[in-house]
Every structure is written in C-alpha cells, then in structure tokens.
Amino acid sequence: MRVVLVEDLREIREGLTALINGTAGFECVASYGMMETALARIENEKPDAILTDLGLPGMSGIEGIARLREAVEFEFGH
C-alpha cells in the first residue's frame with residue numbers, strides 16, 4: 001500500500017514514515033509538512049492512502065482532506 005503522510009512536526013513525520021516503511025506491504029511514498037505542498041504534488045505520488053494531521057498550519061487537515069480527495073479522484077478516477 002502506497003501511503004502519503006502530511007504532518008507539520010518533523011519528529012512525528014519522520015517517526016511515522018519509519019513505522020510505515022517498516023511495516024510489510026506498506027511504503028511511505030512521500031511525506032509533507034504542509035497541506036499546500038501535498039496538494040501541489042499529490043498527482044505524482046499515486047497513493048492508496050493519505051494520513052494527515054488535522055491541525056496543520058496554513059490549510060488545516062480537515063480542509064485539505066476534501067481537496068486531496070478531489071485531486072486524487074479526478075486524477076485517478078477513484
């Protein structure tokens with residue numbers, strides 16, 4: 001399963017990336033510190049799942065979930 005991670009705290013982002021990559025059948029294909037960056041690059045990642053913090057600086061994870069879903073559905077036809 002290809003996973004994209006959006007988390008603003010570097011230590012948590014790195015820890016979750018290591019946990020995902022250390023789990024059989026999972027790969028963290030990208031991790032971002034801001035939702036805006038994830039939105040700009042998500043089409044290149046082709047994720048199966050997106051794990052995001054809800055309390056991000058700038059655009060919140062809550063707002064970003066809807067936008068990511070639209071971007072992924074539009075791009076990949078899910």
request  = Take Glu14 and Arg10, measure what salt bridge (Lys or Arg N to Asp or Glu O under 4.0 Å) needs, and give me the verdict at the end.
outcome  = CA-CA 6 Å; Glu14 290 174 357; Arg10 184 182 52 81; 3.3 Å; yes
inquiry  = side chain to side chain contact (heavy atoms under 4.5 Å, CB included), that's the test. Do Val4 and Tyr32 meet it? Break it down for me.
reply    = CA-CA 8 Å; Val4 167; Tyr32 302 108; 3.8 Å; yes
task = List the steps, then state whether side chain to side chain contact (heavy atoms under 4.5 Å, CB included) holds for Leu68 with Met35.
result = CA-CA 9 Å; Leu68 283 169; Met35 184 58 70; 3.4 Å; yes
Worked check of side chain to side chain contact (heavy atoms under 4.5 Å, CB included) between Asp48 and Val3 = CA-CA 6 Å; Asp48 298 307; Val3 179; over 6 Å; no
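Closest of all the heavy-atom pairs between Leu54 and Ser60 is O-CB, 3.7 Å. The two residues Met59 and Gly64 have their closest heavy-atom pair at SD-CA, 3.8 Å. Across all non-hydrogen atoms, the minimal contact from Lys46 to Arg2 is O-NE, 3.1 Å.
Interatomic distance, Thr23 OG1 to Met1 CE, rounded to the nearest 0.5 Å: 12.0 Å. How far CG of Leu5 is from OG of Ser31: 5.5 Å, rounded to the nearest 0.5 Å. Between the CD1 atom in Ile12 and the CG atom in Leu19 there is a gap of 12.5 Å [rounded to 0.5 Å]. Rounded to the nearest 0.5 angstrom, Arg41 CZ and Glu36 CD are separated by 12.0 Å. Ile20 contributes atom CD1, which lies 10.5 Å from atom CD of Glu27 (distance to the nearest 0.5 angstrom).
A side-chain donor-acceptor contact under 3.5 Å links Glu7 to the backbone of Leu9. Judged by distance alone, with hydrogens and angles left aside, the side-chain atoms of Thr37 form no donor-acceptor pair with the main-chain N or O of Gly33 at under 3.5 Å. Between the Asp8 side chain and the Leu56 main chain, no donor and acceptor come within less than 3.5 Å of each other.
Both Ile42 and Val6 are assigned to one and the same hydrophobic cluster, defined by single-linkage of ILVMFWY side chains at heavy-atom distances under 4.5 Å.
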